[in-house]
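Below is one structure, written out as structure tokens; comments come after it.
Values reported hereafter were calculated over all heavy atoms of this structure, with side chains retained and with hydrogens, waters and symmetry mates removed.
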Amino acid sequence: MSGAGQAFSRRTFLQGSTAVALGAGALPGLLDRSAAAAVMASTGPSVRAFAAPANGGSGLALPMLSDGLNLDQPQYYETIQAGRRVFCKTRQNADIDGDGQDELIYRGPAGISAFRFDADTGQWLALPPSTVFGDEAGWDEEWYYTTIQTADLDGDGRAELIGWGPKGVEVHRYDPATETWTDLGVTNPMTGLLWAFPWYFSTMQCADIDGDGQDELLVRYTDGLRAWKLTGTSWTQLTTISAMSDGAGWIDPSMFETIQCADLDGDGRAEVFARSADGIVAWRYSAGQWVALPAGPGLSNAEEWNYPQYYRTLQAADLDGDGRAEIFIRNNTQIRAWKFTGTGWQELPPGPMMEDSDGWANPQYYVTLQAADLDGDGRAEILVRSGYEILAWKYTDTGWQFLPIGPAWSDADGWNASQYYRTIQPARVKTSAAANPHMPATESGTVDVLFGRSSMSIETFRMLPEASWAPTSAPWPTLDPAAYAYAAELLGIPGKNVRDIYGNSDDLSTYEEQLHPTPALPAGSTIDPAQWAAVCEQLTTELNWADQVNTWYDNVNSLLTATYTGDDIALQAVGNTIKLTNPSSTSLTLSILSFVANVAAAGLSLTATPMAGAVAGIIGAACTLAGSTSGSDSDQVQDTIANLDQQLIDAFESSLLSMDAQKAAATRDYGLLAAIGGQIISQAPAWTWNSTDRDTLMIAGQRQYAMSAWKALAATAGWKWSVCGRDEPLGAPDLLEVNGELYYDNGWFWLTNGYVPWPASNDDDLSVLCAFYMLRQGVTTLIDDKVLHTLFDPYELSHGVFPLGANLIDVIAARHGWPRLGGAGTSKINSGCSDVPDPWTVGGSKGVISGSHATLAAAAVTGTSDTAVFASPAPAPSAKKTTQRNQPERDRPNQLHALGIDLGVNVELSRDTAGELVALIRTTNYGLTAAEEVEIVSAKLGGREPIGRLSTHRRHIDAGETTSTQLRFVGVPGKAGKQVTLKLGHSHLDGDYSTTLQLTLPTEDAADCGC
């Protein structure tokens, strides 16, 4: 692998740029980047990465997709898009409302949210949200949420929302006239179970392959790359590219991950291209058939192009503005690019230097490599995130031109965490030179802006003509100086700027009344009457916006105070409720930053009130900021509950101060002021407020606070959990007549039917009989039923804070922040159930709890220092499988436990249609602290490595959260029913560890593929 010619060295442009990346923030009271770096350096890995403001921005922008809203979890942040997909890299139409520019969409717990870019304010404004693709419908599984994308499937100029989920392929359309989403009710072309394998679902993309203005759907399957055209609500299958079949080796990630579409020949039709084992291959769809193009550059396995740090950078863009897309890729030295000439491939001059020896082989850098038309001239520029900032280059007739250094999204500010750098991408937006000089008009009328998600919000930047970058937020309009000065005098603020008072909590409406209608000028005034009228009109509008923003922030401040300072929800009260032994002296280890940031916001986004998301975003941002600036509150603490109570109160008070700083930022930034104030005045769904909303949000917040306290204290209570359920009709003989009554009579069963809010089942005759007992450490008596009902009875507003309505699966499976609780060490004799089977016996009774998309199996698993529940959410739909979960031997540094990180692994083996083994590996963080950049770095099953170079993604795994990876193995020795050893190596920012599991080989009979 080599590259020739003169190019730019990474060291040339990064050396000495730290001062740019770590410059002070623009507003007092907000964390500047040098302070953020100090926090990261002093607090260590227990503190969640804090992505700080870049290039002088305040860090506050719209939309506020903060960590506090759980946007640091991959099932949400990986869905953030505006037409550009990380994998596959096909650039798609994201104009869902037909306004000529991309919308920004993402999937949250409740469903899809979308935002349109407003050129006048330079901010993203919220469109009415949709409940489609929400967690309750099962879209939080990787094989579903990663398929969500936008494409113009009907050729009407507006993009539809498409994804493959639990019900198959779904297509939804947004109607800007009615501001509603409609399910088009399309048929499902992707039937069968095997689509859930990554070598199939991850290749799903849309492109116009026949040039009719209508995008087609393309997905690779066992027999090759399939294609369909949507006609009404039905799909017509087109010809398949059989050369991309499993049998041809396209199950290798270094091949199937590179499949993408681009117009390589400029004929208005997208070609399919990818990297095969021998090099680039491409096809054109013509007259109903696929025609192979001449073989492309020899990016072969023999020359080591099958490493992720190289093949994952392969993509296409029109670099020279001739209407044809060039392909480019990074090798171990630099960028290389080629143009398709119609009869062959012509290499362009070697591009920018990005040497492995300079760190460019790390995913936090190479994953961000992409192209965008940053200056609107019709040519795409190449850009990438370095360890310090965004770098960009333009291809010219004479070579590559280095462009101004972009946003300072540096490692020091936390942008090397996957929940941030994987969101960096461009969006095509309209320009408005009159309203916003930062968005000058261009020949095309659109330009690509660059955005990325920080811990607080989506930050959006624009490259300026004067060789610099700036946030897109609109600057303050210039006003006539004499008229402006007289307005300040008239309002009683001589010597001050009128705009200086916008952050005051005073009633600004009185100032508005003084300027509207336009007051008469004094006799003899030299001020131009037209200028005076214009200034009064503009200031009246701004004062109205500021008044609304102040009121709104005051409401949020009041909500935060009312929600989190009541004595009835203090940790001491919760500790007494869950019957802690001597709670006043209980020792805890807890990351205050992680705790506060999640407690303060997570519950607010789950209510039915549309504005809850906006409130939660602000509160989440405030708490994140407060935790990062409050010094000792960011450190791990080991103290009594009473002291922890006080520290939480202090942290919330810091959040209130940060809220004031945010209000100042919103009222000192014209774009934010206009965007937020304008949406409040127009009563946009996300920015309405009334007393009912406040009460609803306060109760929801109190409930979430209390649940978070329970999560934090459950482990210290020494609870023991046992599960024994069955996916059977209620009253099944083998439960009630054989073991059920014995379990229930002895206190092992707590009947969930009628008490627990359970996901709706697709099969009405299925219900769940779940039993569990809870024992305190060293105590043989069962815990009071009142505690169980407090946790699991349905939550209703009329009940106030309690009961909590906790989800049973979440608690037992240690998901969404619930800690892993020990159980295998509790003897059945102690529970009085000596005459019934022990549900904790390995290989004995294994309980299964089934919901609409959740399966939980309990078995004993030996950890480093304790024995604990090892439970798994639903596996990917697949062929018949035999799964073995038992006794992983861990070898990892003890420091991981001190940091509150406790990673566990669950593996399920199955066979695909070719009879080869597929391992579904779920990695769960059972600790109290988030684990950053977790990835599998080694894997051997029966001594065999997975197909292709190990290709896994780095992920942020929050406390109680799980991520999944599927690997395929061939040639593993052994027959069905025999034991096989799986050795796994994991890595993350806080350390490494290895896991060894003994698994049972599944049946060799391939399941029906459902083709």
Looking only at non-hydrogen atoms, find the nearest pair between Gly108 and Tyr76 and report the distance.
C-CE2, 3.7 Å
Kindly give the heavy-atom pair with the smallest separation between Ala470 and Leu464, and that separation in Å.
CB-CD1, 3.8 Å
To check you understand the geometry: which heavy-atom pair defines the closest contact between Arg330 and Leu369, and what is its length?
CB-CD2, 4.2 Å
Does any part of the side chain of Ile335, heavy atoms only, come nearer than 4.5 Å to the side chain of Ile329, both counted from C-beta?
no
Which is it for Trp290 and Leu238 under the side-chain contact (heavy atoms from CB on, under 4.5 Å) test, yes or no, and what are the steps along the way?
CA-CA 10 Å; Trp290 290 100; Leu238 308 178; 5.6 Å; no
Looking at Gln123 and Leu62, what are the two nearest heavy atoms and their distance?
OE1-N, 3.1 Å
Quick one: do Glu216 and Lys229 make a salt bridge, cutoff under 4.0 Å?
yes
On the 0 to 90° scale, with breaks at 30° and 60°, tag the Trp409-Trp415 ring pair as parallel, tilted or perpendicular.
parallel
Under the criterion ring pair (Phe, Tyr, Trp, His ring centres under 6.0 Å), which of Tyr145, Tyr200, Tyr144, Trp143 is the partner of Trp164?
Tyr144
For a quick check under 3.5 Å, do Arg275 and Asn301 share a side-chain donor-acceptor pair by atom type?
yes
Would you please say whether a donor-acceptor pair under 3.5 Å links the side chains of Tyr106 and Thr423?
no
The ring pair (Phe, Tyr, Trp, His ring centres under 6.0 Å) partner of Trp393 among Trp400, Phe402, Phe328 is Phe402
Testing Gln419, Arg422, Glu933 for side-chain hydrogen bond (donor to acceptor under 3.5 Å, both in side chains) with His956, which one passes?
Gln419
Start with the C-alpha gap between Arg91 and Asp102, add the side-chain angles, then the distance that decides, and say whether salt bridge (Lys or Arg N to Asp or Glu O under 4.0 Å) holds.
CA-CA 11 Å; Arg91 188 70 166 88; Asp102 288 335; 2.9 Å; yes
What do the steps show when you test Thr313 against Met354 for side-chain contact (heavy atoms from CB on, under 4.5 Å), and what is the final call?
CA-CA 12 Å; Thr313 66; Met354 295 182 187; over 6 Å; no
The criterion is side-chain hydrogen bond (donor to acceptor under 3.5 Å, both in side chains); which residues satisfy it with Arg379, sequence neighbours excluded?
none
Identify the two heavy atoms, one from Val171 and one from Glu160, that lie closest to each other, and give their separation to 0.1 Å.
CG1-CB, 3.8 Å
Would you please say whether a donor-acceptor pair under 3.5 Å links the side chains of Gln364 and Ser418?
no
Which heavy atom of Cys206 sits nearest a heavy atom of Leu217, and at what distance?
SG-CD1, 4.0 Å
Quick one: are Leu293 and Phe273 in side-chain contact, heavy atoms under 4.5 Å?
no
Kindly state whether the ring of Phe87 and the ring of His953 have centres lying under 6.0 angstrom apart.
yes
Applying side-chain contact (heavy atoms from CB on, under 4.5 Å), run through Leu230 and Asp154 and close with a yes or a no.
CA-CA 7 Å; Leu230 183 63; Asp154 57 8; 5.5 Å; no
Using a 4.5 Å cut-off on heavy atoms from C-beta on, say whether the side chain of Thr150 contacts that of Glu103.
no
Carefully, step by step, assess Arg116 and Asp99 under the rule salt bridge (Lys or Arg N to Asp or Glu O under 4.0 Å).
CA-CA 9 Å; Arg116 68 172 180 86; Asp99 64 352; 5.6 Å; no
Phe340 and Pro294, any side-chain heavy atoms less than 4.5 Å apart:
yes
Check whether any side-chain heavy atom of Leu403 sits under 4.5 Å from a side-chain heavy atom of Trp469, and report yes or no.
no
Ser254 versus Asp252, side-chain donor and acceptor atoms under 3.5 Å
yes
Test side-chain contact (heavy atoms from CB on, under 4.5 Å) on Asp448 and Glu381 and set out the steps.
CA-CA 10 Å; Asp448 282 346; Glu381 289 74 48; over 6 Å; no
From the list Ile458, Thr79, Leu65, side-chain contact (heavy atoms from CB on, under 4.5 Å) partner of Leu71 resolves to Leu65
Decide whether Asp411 and Tyr421 meet the rule of one side-chain donor and one side-chain acceptor closer than 3.5 Å.
no
Side chains of Gln401 and Thr396 only: does a donor on one sit below 3.5 Å from an acceptor on the other?
no
